[in-house]
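All remarks here apply to the structure that follows.
Letters go in sequence order (proteins before strands), and every chain restarts at 1. Everything numeric in this text was worked out from a predicted model, so none of it was measured.
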2 protein chains.
Amino acid sequence: MRETGYTIRTMAARCGMTTHTLRYYERVGLIQPVGRARNGHRRYSDADEAWLNFLHCMRDTNMPIREMQRYAALRENGEASTLERRKILEDHRATIAAQIVALEKAHALLNHKIENYRKIEERIRVPRAAQESTETREFAVAG
Amino acid sequence: MRETGYTIRTMAARCGMTTHTLRYYERVGLIQPVGRARNGHRRYSDADEAWLNFLHCMRDTNMPIREMQRYAALRENGEASTLERRKILEDHRATIAAQIVALEKAHALLNHKIENYRKIEERIRVPRAAQESTETREFAVAG
DNA sequence: TGTTGACTTAAAGCGCGCTTCAGGGAGTAG
DNA sequence: CTACTCCCTGAAGCGCGCTTTAAGTCAACA
């Protein structure tokens with residue numbers, strides 16, 4: 001048993017997915033039917049790896065499988081589809097930007113709330129007498 | 001029918017959820033049993049709104065319902081739980097940071113790929129002859 | 001009076017993205 | 001030969017976060 005390429009196990013490890021996910025992705029058309037060894041086992045190429053890493057990156061950023069399927073399908077019919085493919089990527093880039101905005105808003109909010117908790121903890125921890133000078137007068141806002 | 005507070009409809013509108021979601025959140029304990037009008041209809045307070053907005057913000061940033069439940073439950077037993085609550089928020093802040101990293105990585109990747117598509121489109125659009133001078137020799141990397 | 005509309009509940013259903021299961025084959029070590 | 005490991009397939013199952021359904025109450029309006 002030789003035949004070049006990575007086994008499904010190896011590939012799964014290399015791109016941070018499970019073997020199940022790799023088969024699933026192939027089944028739903030996210031990746032073209034992959035090469036096989038003589039015994040029928042899958043053999044992944046470096047090109048497969050690059051594509052899978054790309055898919056992984058898109059999934060990590062919440063691109064729906066459906067959208068990835070659209071993109072993968074377009075890729076099959078070559079340069080005729082570059083415009084449409086670019087549009088998909090631009091749309092996803094926009095949703096990524098929106099996600100970043102939401103995340104940064106939440107991050108800032110958490111910074112405040114965490115700081116507030118710290119102050120409350122301080123107030124509890126410190127003996128009542130010692131509180132005079134410190135004006136820690138901000139309280140929890142909705143939780 | 002008076003009795004102060006927002007109706008479920010109004011509240012849903014104000015915090016960008018559906019009425020269904022508001023009832024669901026109450027049912028699973030994310031929000032305390034809310035006040036009722038004499039006819040049994042829910043009446044939301046400003047405090048409810050603030051809390052719901054906070055929940056919304058956490059959900060938007062992929063905090064699991066389970067975690068929000070934990071946090072909500074802790075909130076009920078007052079200052080005894082500030083430490084634990086702070087830990088939850090700090091953990092979530094960390095996952096937010098991680099998400100931002102992933103998103104920014106993907107964003108950069110998309111910038112490259114989109115630019116690359118633009119070049120390919122250029123190459124296709126421009127008459128063959130005019131191509132000599134432009135060294136647009138970057139091709140698609142895995143998609 | 002009867003119809004409309006906003007609300008109520010408990011329970012069932014759904015879309016997503018895998019994950020697990022059941023059953024089988026092929027190669028290798030002891 | 002047996003046992004073990006790795007792979008195969010098709011199908012069923014699952015956890016999440018709602019969403020929809022079905023059936024009912026109540027108040028206002030024509």
Might you list the N or O atoms of the protein lying below 3.5 Å from N or O atoms in nucleotides 16-19 of chain C, with each pair's distance?
| from | atom 1 | to | atom 2 | distance (Å) |
| --- | --- | --- | --- | --- |
| C:dC16 | OP1 | A:Arg66 | NE | 3.3 |
| C:dC16 | OP2 | A:Arg66 | NH2 | 3.4 |
| C:dG17 | OP1 | A:Arg59 | NH1 | 3.4 |
| C:dG17 | OP1 | A:Ile65 | N | 3.3 |
| C:dG17 | OP2 | A:Ile65 | N | 3.3 |
| C:dC18 | OP2 | A:Tyr25 | OH | 2.8 |
| C:dC18 | OP2 | A:Arg59 | NE | 3.0 |
| C:dT19 | OP2 | A:Thr21 | OG1 | 3.2 |

Taking only nitrogen or oxygen atoms into account, show me every contact under 3.5 Å that the protein makes with nucleotides 6-9 of chain D, one pair per line with its distance.
| from | atom 1 | to | atom 2 | distance (Å) |
| --- | --- | --- | --- | --- |
| D:dC7 | OP1 | A:Thr7 | OG1 | 3.4 |
| D:dC8 | OP1 | A:Arg42 | N | 2.8 |
| D:dC8 | OP1 | A:Arg42 | NH1 | 2.9 |
| D:dC8 | OP2 | A:Arg23 | NE | 2.9 |
| D:dC8 | OP2 | A:Arg23 | NH2 | 3.1 |
| D:dC8 | OP2 | A:Arg42 | NH1 | 3.4 |
| D:dC8 | O3' | A:Arg36 | NH1 | 3.4 |
| D:dT9 | OP1 | A:Arg36 | NH1 | 3.4 |
| D:dT9 | OP1 | A:Arg36 | NH2 | 3.0 |
| D:dT9 | OP2 | A:Arg42 | NH1 | 3.0 |
| D:dT9 | OP2 | A:Arg42 | NH2 | 2.8 |

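In plain terms, the two heavy atoms of A:Cys15 and A:Leu52 that are nearest each other are SG-CB, 4.1 Å.
Taking B:Lys105 as the reference, nothing meets the side-chain hydrogen bond (donor to acceptor under 3.5 Å, both in side chains) condition, with sequence neighbours excluded. Evaluation of the side-chain hydrogen bond (donor to acceptor under 3.5 Å, both in side chains) rule for B:Thr19 yields no partner, not counting sequence neighbours.
Other residues, nucleotides and ligands contribute more than 12 heavy atoms inside 6.0 Å of the CD atom of A:Glu115.
Using the six-membered ring where Trp is involved, B:Tyr71 and B:Trp51 have ring planes that are parallel, under 30° apart on the 30 and 60° scheme.
Residue pairs meeting the salt bridge (charged side-chain N to carboxylate O under 4.0 Å, His left out) criterion with at least one member in residues 89-99 of chain B, sequence neighbours excluded, are A:Arg118-B:Glu90, B:Arg86-B:Glu90, B:Lys87-B:Asp91.
In terms of hydrophobic clustering, with Ile, Leu, Val, Met, Phe, Trp and Tyr side chains grouped at heavy-atom distances under 4.5 Å, A:Met63 and A:Val101 are assigned to different clusters.
Spacing between atom CG of B:Leu22 and atom P of D:dT19 amounts to 11 Å, rounded to whole angstrom units.
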Enumerate, atom names and distances included, each donor-acceptor pair closer than 3.5 Å involving a side-chain atom of residues 22-29 of chain A, sequence neighbours excluded.
| from | atom 1 | to | atom 2 | distance (Å) |
| --- | --- | --- | --- | --- |
| A:Glu26 | OE1 | A:Arg42 | NE | 2.7 |
| A:Glu26 | OE2 | A:Val34 | N | 3.3 |

